[in-house]
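Below is one structure, written out as structure tokens, with a few remarks after it.
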Amino acid sequence: MATTEEIRSQLAELVNDVAGVPVDEVQLDKSFVEDLDVDSLAMVEIIVGCEEKFGVTIPDEESKNLKTVGDAVAYIEAHS
Amino acid sequence: MTEIVITGIGATTPLGGDLASTWAGMLAGKSGVSRITEEWAEELPVKIAASVAVDPSEVIERVKARRLDRSTQLALIAAQEAWTDAGFDWDAEEQDGVDSQRLIVSLASGIGGLHSLLNNWDVQRDKGYRRVSPFTIPMLMANAPAANVGLQVHAKAGVHTPVSACASSNEAIALALDQLRLGRAEMAVVGGTEATIHPLPLAAFGQMQALSRRNDEPERASRPWDVDRDGFVMGEGSAILIIETLEHAKARGAKIYGTLAGAGITADSHDIVQPDPSGEGQFGAMKKAIADSGLQASDIKHVNAHGTSTPQGDVTEAGSIRYGLGKAVDGCVVTSTKSMTGHLLGGAGALETVASVLALRDRMVPPTINLENQEPDLGIDIAANVARPLPSGDLAAVNNSFGFGGANVAVVVTNANITE
């Protein structure tokens, strides 16, 4: 089982790949939209990227609740 | 009538990643055609194409590029060069000499975001709908190149994408000319782009018997008017021009390449792919363009032909040029730069308008290469194999573009406003 930091770090690489955000800015307390300037279409790519990378399923109604990096990491920890 | 001038040019083509290298390659008679190195070409009857000399991935930043179809990436590269060449800042929100409310973009692609469409279908078929990129639609839509350039230069008077297959970018130029003459804008970013070197269009054009199969000699495959021509070579790339009213150009002290003097449009109404062999639509477009320019046929010293290197098309066009110019055909140097660049489809008209403008500026017509045994009795004077000088004095040129669907668009440019 991956640690929280391992998940955050892999998620950071994904966010960097999709939206060009520097990996060290992708910290647990950061909001995707407000802090990291990730737009709604890029967010869709990040969600699908998470499914692929971490082997989880994130239904559309759940993805709306993943507002911060920490929300996403917690969801992945709980469901992988 | 309001005079419209050309004040900026950019290009990324099979001959070079910018205008200077493209033009130097054309004058030198260089071929941009090569063997396709990807494995998928092995099973196809056509294994050659004219890929861009500089891949857009070397120019456009990766994160930005993954949201843009290859055709849009090429258009942005050429548009940045043209915009900068016209004296503007590509990244500025606002700047002197640019009134966003009076700026349009008219930029065409013949086929659109083909790579984005097909690659995402591959993903959906193989991995399911969840993996389809949410950017697919804004990447594949035909107006994506125009819209992205419009976003960058903050064009607010209209962003246009006329589609007429291989006549598309000449039609885009004609449309912008009209908009400026009507006073709906004072400046325009015009041109075309295409990126369709992919197994499907190569198979599909191949099935039409439209493409050259000279796979073992790619550099000799595009040979307009040569008796051994066997079809066109697919090319990719983009060419963009900045045009504006003479008044606007003078007010901001712009460098002027020449005038965009006129345009003529006709439709064959003959067949969905074959040109009308009588040439009526083709020479009709030329005559309309010359009349629209306020010129006489005798003023036309150069024609950049559509000249794709297809067996029938080249002969039909030679006849059309003779009818279009009448007796004046004797004083006119004809060329097909597709012999070097391949056929950029929706980007062809813009690239060849650029070549026409520079031929008049430098008084040098780029050659039609690979013209070893010219088709007999064409009745046109072709700049065979080596560049041909043009005379001193005022010069005008016609650029022809013809598209599937029977679209014919001729554009006239002159060097009349160049101060020497």
Side-chain angles (χ1 to χ4, degrees), chain A residues 7-27 30-69 71-73 75-80, chain B residues 55-73 75-77 80 90-93 112-152 154 159:
Chain A
I7 294 171
R8 187 209 62 80
S9 158
Q10 286 186 53
L11 178 58
E13 281 171 28
L14 179 63
V15 174
N16 173 261
D17 190 42
V18 170
V21 180
V23 284
D24 22 329
E25 285 181 25
V26 185
Q27 298 299 336
K30 293 286 195 275
S31 155
F32 287 108
V33 175
E34 277 154 38
D35 299 324
L36 304 181
D37 206 21
V38 173
D39 64 29
S40 63
L41 294 186
M43 198 59 214
V44 174
E45 282 201 298
I46 290 169
I47 296 290
V48 174
C50 284
E51 293 188 331
E52 202 164 339
K53 207 164 194 150
F54 301 107
V56 295
T57 303
I58 309 176
D60 289 344
E61 55 274 21
E62 281 293 336
S63 64
K64 289 196 259 319
N65 303 322
L66 306 183
K67 298 203 186 304
T68 66
V69 175
D71 293 341
V73 171
Y75 184 93
I76 292 161
E77 281 187 306
H79 293 84
S80 62
Chain B
D55 196 84
S57 63
E58 294 175 37
V59 186
I60 297 205
E61 191 236 331
R62 185 190 56 86
V63 172
K64 196 174 173 194
R66 64 196 298 285
R67 294 178 171 207
L68 302 168
D69 185 77
R70 185 176 177 87
S71 60
T72 296
Q73 294 175 26
L76 283 167
I77 292 165
Q80 178 168 5
W90 184 242
D91 295 311
E93 285 286 327
L114 180 109
H115 287 274
S116 301
L117 172 67
L118 295 175
N119 292 348
N120 277 283
W121 167 242
D122 289 344
V123 167
Q124 179 169 1
R125 187 192 50 211
D126 297 343
K127 298 182 176 172
Y129 80 92
R130 282 286 281 177
R131 304 289 173 81
V132 170
S133 166
F135 297 102
T136 304
I137 298 300
M139 288 170 78
L140 71 81
M141 61 192 196
N143 60 324
N148 280 287
V149 170
L151 280 169
Q152 184 71 36
H154 310 287
V159 170

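Numbered from 1 within each chain, the chains take letters A, B, ... in sequence-line order.
For F54(A), there are no ring pair (Phe, Tyr, Trp, His ring centres under 6.0 Å) partners two or more places apart in sequence or in a different chain.
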Which side chain or backbone donor-acceptor pairs connect chain A with chain B at less than 3.5 Å?
residue, atom, partner, partner atom, Å
D17(A), O, R62(B), NH1, 3.2
D17(A), OD1, R62(B), NH1, 2.6
V18(A), O, R66(B), NH1, 3.4
D39(A), OD1, R67(B), NH2, 3.2
D39(A), OD2, R67(B), NH1, 2.8
D39(A), OD2, R67(B), NH2, 3.2
E45(A), OE1, R66(B), NH1, 2.9
E51(A), OE1, R130(B), NE, 3.3
E51(A), OE1, R130(B), NH2, 3.4
E51(A), OE2, R130(B), NH2, 2.9
I58(A), O, R130(B), NH2, 3.1
D60(A), OD1, R130(B), NH1, 2.9

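With a threshold of 4.5 angstrom between heavy atoms, A19(A) approaches chain B through N, CA, C or O but not through any side-chain atom.
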